[in-house]
Amino acid sequence: MRTTLRLSACVVLLAGVALAQGTWPTFEPIQREIFGAGSNFTNAFADIDGDGDLDMFVGFDGKPNRLYRNDKGTFTDIASAAGVADTRPTRAAAWADFDADGDPDLLVGFTPLKDASVLRLYRNDGAKFADTTAAAGLVVATGAVRQPAFVDFDGDGDLDLFIAFRDRANALYRNDGGKFTDIAAAIGLADTRRTVGAVWFDYDEDGDLDAAVANMDGDANGLFRNDDGRFTDAAEVAGVAWGGRQPKHAGNGTVRVCAADVDADGKFDLFAANYGPLGFFSNRGKGVFEDRAAAWHIAIDSRYDACAFADVDHDGRLDLYVNGTVTGGASWQDSLFRNTGSEFVDATPPSIRALQADHGVQWADVDGDGDLDLALTGSRTDGMHSVMRNMLPAADAARGLHVRVLDAKGHATLAGAEVRVFAAGTTRLVGARLVDSGSGYDAQNDMPVHFGIPAGTARVDVQVIVPRHGARRPVWQRGVAPGRTITVRTP
């Protein structure tokens, strides 16, 4: 029998207030016949074949992994033909163009197995994948793999690889011509606490990428400040060490840490999906965060596996999905919260409320209509890996804008880059987003960032900042109309 732990009734009743404020979408599952299987932990999106739509990898818990080719919103599993249908229990996945040849490659993280690497790196050769783990120097014998993130931490133009491990020191593999070497201990990133999630962004706006790290089992979280390629844990000074949960409580921890401009001031805040109360910390500048979870009515004490932000209704504000975990036979409630600009209001549609609690979550425009659809993974054997179409009315969906950020060579090597959108010809901020540098449950996508452009804003100016070598030089595209995908190349 399914056991579900729900939020308090008073929170749920607030949904009616939110719904009265404007159009709030419903979500309809697609292709239930292929997305019905459970026992999966992670999912991640990338356009593997260059046809303009987003394909999806799903990592299973001992059944063959799946790679779904997307053909204009219709998915087909091609994992076996593509060479990535591993049957080992899978906990992590990341898409990134590690060899800078113009297509996304795939890293998969497994549970340990004798005489086998816990990492596998697949090079994409025309949507066929070749195992290049050994050649890349990524044969790793042990470790409970959690968050992978491909980031150019040293600004040398190629993608390095961060791996969070729950049972050993975290690793940072520097990329030198496609060969990876773990240098975490030498640069201050070999954190031995029990890490699950991580996200990279320039939290102090000093021109390089820093790492926020989510730790479990009573360990404090980390916020590793990057100073010329060496890292110092500044979590305590910044005010985010415990993520809103009780300090040193062995039963509590942070599973996922998300960086998002929640309060629409152009700075990237931190949000923590916890075993314990959810945490929201507003970035006040100069490397300091303010705990705003109670003020935003989001300090809900439960057990959560992931957080994912998206403007699901195209009002210009980032809404929030949180995954409840599955543990001890209980399924802890998933919820979708609407961002009103000053608080989060539970506005979970019945189609989501009826689902089994799950594990991973991603937002992606799978059908190309301009709004973001919802993809979930479920760790229970009777769970699922649903893809749910966002049923926002067509006129509202058409106000979506997608921004693809590439380097000067046209390659996707800029995870952690910042994208801001302003009403055209003004300094009025519409929103700010990050190019994915760690998301969902132990995942990383390679896809455009998304903005919902509010009604009445006909055109916008798009600013991209790539923190690199202590500099934050903006690149602009001006007078952009919504309803399209644009590409911004940076020097």
Side-chain angles (χ1 to χ4, degrees), residues 1-8 12 27 29 32 35-44 57-63 65-66 88-93 109-111 144-147 164 166-167 194-197 214-218 243 245 249-258 271-278 300-308 320-337 346 348-363 374-388 439-443:
M1 178 179 293
R2 174 183 171 186
T3 303
T4 303
L5 305 184
R6 299 187 181 276
L7 303 175
S8 63
V12 176
F27 294 83
R32 295 188 187 191
F35 294 132
S39 299
N40 37 78
F41 282 86
T42 189
N43 56 355
F57 175 84
V58 180
F60 280 77
D61 189 25
K63 297 184 288 187
N65 291 335
R66 299 187 185 183
R88 288 178 59 187
T90 299
R91 293 296 181 271
F110 304 112
T111 59
V145 180
R146 292 302 185 259
Q147 177 65 55
R166 185 162 177 167
D167 62 346
R194 288 156 286 198
T195 305
V196 178
N215 295 323
M216 284 293 289
D217 305 323
R245 54 189 165 89
H249 188 296
N252 285 357
T254 302
V255 181
R256 169 89 250 148
V257 60
C258 293
F271 192 91
N274 294 327
Y275 282 19
L278 292 168
I300 301 163
D301 194 355
S302 187
R303 288 179 175 258
Y304 297 101
D305 280 327
C307 47
L320 169 66
Y321 193 96
V322 291
N323 295 78
T325 192
V326 176
T327 184
S331 296
W332 300 71
Q333 183 67 60
D334 283 22
S335 293
L336 176 59
F337 294 93
D346 189 340
T348 312
S351 57
I352 292 175
R353 187 72 73 194
L355 294 176
Q356 182 60 261
D358 42 81
H359 222 84
V361 53
Q362 298 286 357
W363 293 99
L374 179 63
L376 304 170
T377 60
S379 62
R380 288 176 58 131
T381 57
D382 61 347
M384 44 57 203
H385 55 293
S386 298
V387 176
M388 306 188 73
S439 65
Y441 183 78
D442 300 340

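Only a predicted model underlies this, so the values are computations on that prediction, with no experimental measurement involved. Throughout, residue positions are numbered sequentially from 1 according to the sequence presented.
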Going from [atom1] on [X] to [atom2] on [Y], what distance comes out if it is rounded to the nearest 0.5 angstrom?
X    : Y    : atom1 : atom2 : result
T42  : D442 : OG1   : CG    : 6.0 Å
N252 : R303 : CG    : CZ    : 7.0 Å
F41  : S379 : CZ    : OG    : 5.0 Å
F337 : I300 : CZ    : CD1   : 3.5 Å
D61  : T111 : CG    : OG1   : 7.5 Å

- prompt: Name the one of Q147, R256, H359 that satisfies side chain to side chain contact (heavy atoms under 4.5 Å, CB included) with Y441?
  reply: H359

- request: Any chance you could lay out the side chain to side chain contact (heavy atoms under 4.5 Å, CB included) test for Y304 and T325, step after step, and finish with the verdict?
  value: CA-CA 5 Å; Y304 297 101; T325 192; over 6 Å; no

task: Return yes if a side-chain donor-acceptor contact under 3.5 Å exists between T195 and R146, otherwise no.
output: no

- line: Across all chains, not counting sequence neighbours, the salt bridge (charged side-chain N to carboxylate O under 4.0 Å, His left out) partners of R166 are D217

message: If you take the centroid of each ring, where Trp contributes its six-membered ring, are F60 and H385 closer together than 6.0 Å?
response: yes

Ignoring hydrogens, what is the shortest heavy-atom contact between [X] and [Y]? Give both atom names and the distance.
X    : Y    : value
W332 : S302 : CE3-OG, 3.2 Å
F27  : S351 : O-OG, 2.8 Å
A272 : G243 : CB-O, 3.6 Å
A443 : Q362 : CB-NE2, 3.5 Å
C307 : L320 : CB-CD1, 4.1 Å
N274 : T254 : OD1-OG1, 2.6 Å

field: Side chains of L278 and V322 in contact at under 4.5 Å (non-hydrogen atoms)
entry: yes

- prompt: Partners of N323 by side-chain contact (heavy atoms from CB on, under 4.5 Å), sequence neighbours excluded?
  reply: D305, A306, Y321, D334, D358, V361, L376

message: Run the side chain to side chain contact (heavy atoms under 4.5 Å, CB included) test on M388 and I352 for me, step by step, so that the C-alpha distance in whole Å, both residues' side-chain angles and the decisive distance to 0.1 Å come before the verdict.
response: CA-CA 9 Å; M388 306 188 73; I352 292 175; 4.3 Å; yes

- prompt: Any donor-acceptor pair under 3.5 Å linking the side chain of N40 with the backbone of G378?
  reply: yes

